[in-house]
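Just so you know, these numbers use all the heavy atoms, side chains as well, and skip hydrogens, waters and symmetry mates. A quick note: this is a predicted structure, and the numbers were derived from the prediction, not measured.
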There are 2 protein chains.
Amino acid sequence: MKWRELDGTACSVARSLAIVGDRWTILILRNAFLRTRRFDDFQAELGITRHLLAGRLAKLVKLGVMSKVAYQERPPRYEYRLTEMGRDWYSVQLALVAWGDKWLAGEAGAPLEFVHQKCGHKFQPVTVCSECREPLDVREISPIIGPGLRPPKRLPG
Amino acid sequence: MKWRELDGTACSVARSLAIVGDRWTILILRNAFLRTRRFDDFQAELGITRHLLAGRLAKLVKLGVMSKVAYQERPPRYEYRLTEMGRDWYSVQLALVAWGDKWLAGEAGAPLEFVHQKCGHKFQPVTVCSECREPLDVREISPIIGPGLRPPKRLPG
DNA sequence: CAGCGTAAGTTCCAAAATAGAACCTTGTCA
DNA sequence: TGACAAGGTTCTATTTTGGAACTTACGCTG
C-alpha cells in the first residue's frame with residue numbers, strides 16, 4: 001500500500017492518517033491549540049524546517065483543518081487558525097496526552113495538567129459510550145459493517 | 001528538533017509520538033485490535049514491507065506496547081499481542097475513528113460502526129471530564145503546569 | 001531422503017522524504 | 001540608505017521507505 005492510496009481505503013483510521021499521519025502535523029496542531037498562529041512562531045517553537053512547515057500548513061489548509069487568514073494588508077501577512085474540523089481534533093489530542101501521561105511520564109508525573117473550567121477541577125479525559133455514558137472497554141465493543149461499506153442500493157430504472 | 005530528542009521533551013504528545021508517531025505503527029495497532037497477531041498476517045493485511053514491519057514490531061515490543069509470545073516451539077514461531085499499555089491505546093484509536101467518521105467519511109457514512117455490548121446500542125465515543133462527567137469542549141479547558149514540569153524540591157542535606 | 005511448503009525474518013538497491021542552511025520578496029522604519 | 005521583519009522558496013546531504021529477493025529452521029510428502 002502506498003500513501004496515495006491510504007485515503008482511498010474504507011477505514012477512518014487510514015483516512016485520518018492520510019491527513020495527520022506524520023509527527024510534524026500533530027505537533028503543529030498541538031501548538032495551534034496552545035494559541036500559536038504565525039509561521040515564524042510555529043517554526044521557532046517546533047524547530048521544524050521552514051520548508052516542511054510551509055508544506056504541512058498548506059496541506060492542512062487545503063484539507064480544511066486550518067485556515068489562512070490575513071491579519072494585515074500591507075505588507076500582506078497571514079496567520080493560521082484551526083477550523084471547526086481542526087478544533088474537533090482536540091479529542092484525539094486529549095486521548096494522546098492521557099496515554100502519554102499514563103504510560104510515559106514516569107515518576108515525575110504529567111508535564112501538563114488540565115482544569116475543566118465548567119466544574120473547576122483537574123481532570124482526566126474519559127471516553128464513554130454516547131448511549132449509556134459508561135466508560136468504554138475494548139473488550140465490550142463489537143465493530144459491525146457500517147453504511148460506508150455496505151454495497152449501495154440499486155437505483156430504480 | 002530531531003526525532004531522537006522527541007521523547008526527551010516534557011510533553012506527553014511528543015513522547016507518545018516518539019513511539020506511535022508514524023503511520024505504519026498506528027495501522028499495526030489498528031489491526032492488532034482486529035485480532036491480527038502473526039508477522040505474515042500483518043504483512044499481508046497492511047501491505048507493509050517485511051523489513052519495516054520487523055522494525056516496527058521490534059520497537060513496539062521493546063517499548064512495552066506489544067509482547068512477543070512463542071505459540072509453538074519446534075520450529076519456533078511467535079505472535080505479537082497487545083500488552084495492557086497497547087490495549088490502553090484504544091481510546092486514541094476510537095477518537096481517531098470518530099474524527100475520520102465525522103469529517104472524512106462523506107455521504108456514504110462510516111465504514112465501520114461500533115456496538116457497546118454492555119448497553120446493546122450503536123454508539124459514538126464521547127470524551128468527558130472525569131470529575132463532572134460533562135462532555136469536554138476545547139474552550140473550557142485550561143492547561144496548567146504539572147508535577148512533571150515543576151522544578152524538583154531541593155533535597156535536605 | 002530430495003524437494004516443497006511455511007513462518008519469520010534479513011539483505012540489497014533505488015526512490016522518496018527530511019534536515020539544515022542560505023536565499024528571496026515585499027514592505028516598514030530610523 | 002540600510003537594517004529589520006514575516007513568510008516563504010531553493011539547494012544539497014542524509015535518512016527513511018518501498019520493493020523484491022534471499023535465509024533459516026523445521027515439517028510433510030512421495
Side-chain angles (χ1 to χ4, degrees), chain A residues 1-9 14 17-29 31-32 35-63 66-81, chain B residues 1-9 14 17-29 31-32 35-63 66-81:
Chain A
M1 196 197 312
K2 291 163 206 157
W3 288 117
R4 318 283 169 77
E5 307 166 35
L6 240 196
D7 61 350
T9 64
L17 291 181
I19 296 183
V20 291
D22 72 283
R23 309 194 228 203
W24 284 128
T25 300
I26 294 177
L27 292 176
I28 288 167
L29 291 175
N31 282 39
R35 311 261 180 267
T36 302
R37 290 183 175 165
R38 296 189 187 174
F39 190 93
D40 279 17
D41 290 339
F42 280 113
Q43 200 273 316
E45 289 165 16
L46 297 176
I48 186 176
T49 65
R50 308 178 71 75
H51 176 59
L52 283 189
L53 177 59
R56 292 293 195 280
L57 287 173
K59 183 176 179 185
L60 286 170
V61 168
K62 192 178 80 181
L63 295 169
M66 301 191 88
S67 63
K68 184 174 180 174
V69 182
Y71 67 86
Q72 73 177 35
E73 302 247 318
R74 303 174 55 74
R77 292 285 182 266
Y78 305 95
E79 60 183 23
Y80 295 88
R81 295 179 183 229
Chain B
M1 196 196 311
K2 291 165 205 155
W3 288 117
R4 318 283 168 77
E5 307 167 36
L6 241 195
D7 62 350
T9 64
L17 290 181
I19 296 184
V20 292
D22 72 284
R23 310 197 226 202
W24 284 128
T25 300
I26 293 177
L27 292 176
I28 288 166
L29 291 175
N31 282 38
R35 311 259 179 268
T36 301
R37 291 185 175 163
R38 298 189 185 173
F39 190 93
D40 279 19
D41 291 339
F42 280 112
Q43 200 273 317
E45 290 165 15
L46 297 177
I48 186 177
T49 63
R50 308 179 72 75
H51 177 60
L52 282 189
L53 178 58
R56 294 293 195 280
L57 287 174
K59 184 176 179 185
L60 287 171
V61 168
K62 191 178 82 182
L63 295 170
M66 301 190 87
S67 64
K68 184 175 181 175
V69 182
Y71 66 87
Q72 73 178 36
E73 300 248 318
R74 303 174 55 74
R77 292 285 182 269
Y78 304 95
E79 60 183 24
Y80 295 86
R81 296 179 182 229

* Atom-to-atom span, CG of B:Leu52 to C1' of D:dT16 - whole angstrom -> 8 Å
* A:His51 has an atom NE2; how far is it from atom C1' of D:dA6, in whole Å? -> 19 Å
* To do: Check whether NZ of the Lys or CZ of the Arg A:Arg56 lies under 6.0 Å from the centre of the six-membered ring of A:Phe42 and within 45 degrees of that ring's axis.
  => no
* **Whole-Å distance separating the CZ atom of B:Phe39 from the P atom of C:dG9** => 6 Å
* Asked: Over how many whole Å does the gap from B:Asp40 atom CG to C:dG9 atom P extend?
  -> 9 Å
* To do: With heavy atoms under 4.0 Å as the rule, sort B:Tyr80 into base, sugar-phosphate or nothing.
  => sugar-phosphate
* **Given C:dA7, D:dG18, D:dA6, the nucleotide with the shortest approach to the side chain of B:Thr49** => D:dG18
* Asked: Is there a side-chain polar atom (N or O) of B:Arg23 under 4.0 Å from OP1 or OP2 of D:dT16?
  -> no
* Asked: What is the distance, rounded to the nearest whole Å, between atom CD1 of A:Ile28 and atom P of C:dT18?
  -> 11 Å
* Using only side-chain N and O atoms of A:Trp24, determine if any of them is under 4.0 Å from OP1 or OP2 of C:dA17. => no
* For the residue pair B:Tyr80 and B:Arg37, establish whether any side-chain heavy-atom pair is separated by less than 4.5 Å. => no
* **Heavy-atom donor-acceptor pair, B:Arg77 side-chain to C:dT6 base, under 3.5 Å** => yes
* In whole angstroms, how far is the P atom of C:dA8 from the CZ atom of B:Phe42? -> 11 Å
* Look at atom CD of B:Glu73 and say whether more than 12 heavy atoms of other residues, nucleotides or ligands are closer to it than 6.0 Å. => no
* Where A:Gln43 and A:Leu53 come nearest, the two heavy atoms and their spacing -> N-CD2, 3.6 Å
* Where each residue is assigned the nucleotide of DNA chain D containing its nearest heavy atom, which of A:Pro75 and A:Ala54 is assigned the position nearer the 5′ end? -> A:Pro75
* To do: May I ask you to verify if any side-chain N or O of A:Tyr71 is less than 4.0 angstrom from the OP1 or OP2 atom of D:dG7?
  => yes
* **Any A:Arg37 side-chain N or O less than 4.0 Å from OP1/OP2 of D:dG7** => no
* Is the shortest side-chain N/O distance from B:Lys68 to OP1 or OP2 of C:dG9 below 4.0 Å? -> yes
* In whole angstrom, give the distance that lies between atom OH of B:Tyr78 and atom P of C:dA7. => 15 Å
* Once you round it to whole Å, what is the distance between C1' of D:dG7 and CG of A:Leu57? -> 11 Å
* Asked: Ignoring hydrogens and angles, are the base of C:dG9 and the side chain of B:Arg50 linked by a donor-acceptor pair under 3.5 Å?
  -> yes
* Do B:Thr49 and B:His51 have side chains that get closer than 4.5 Å, going by heavy atoms? -> yes
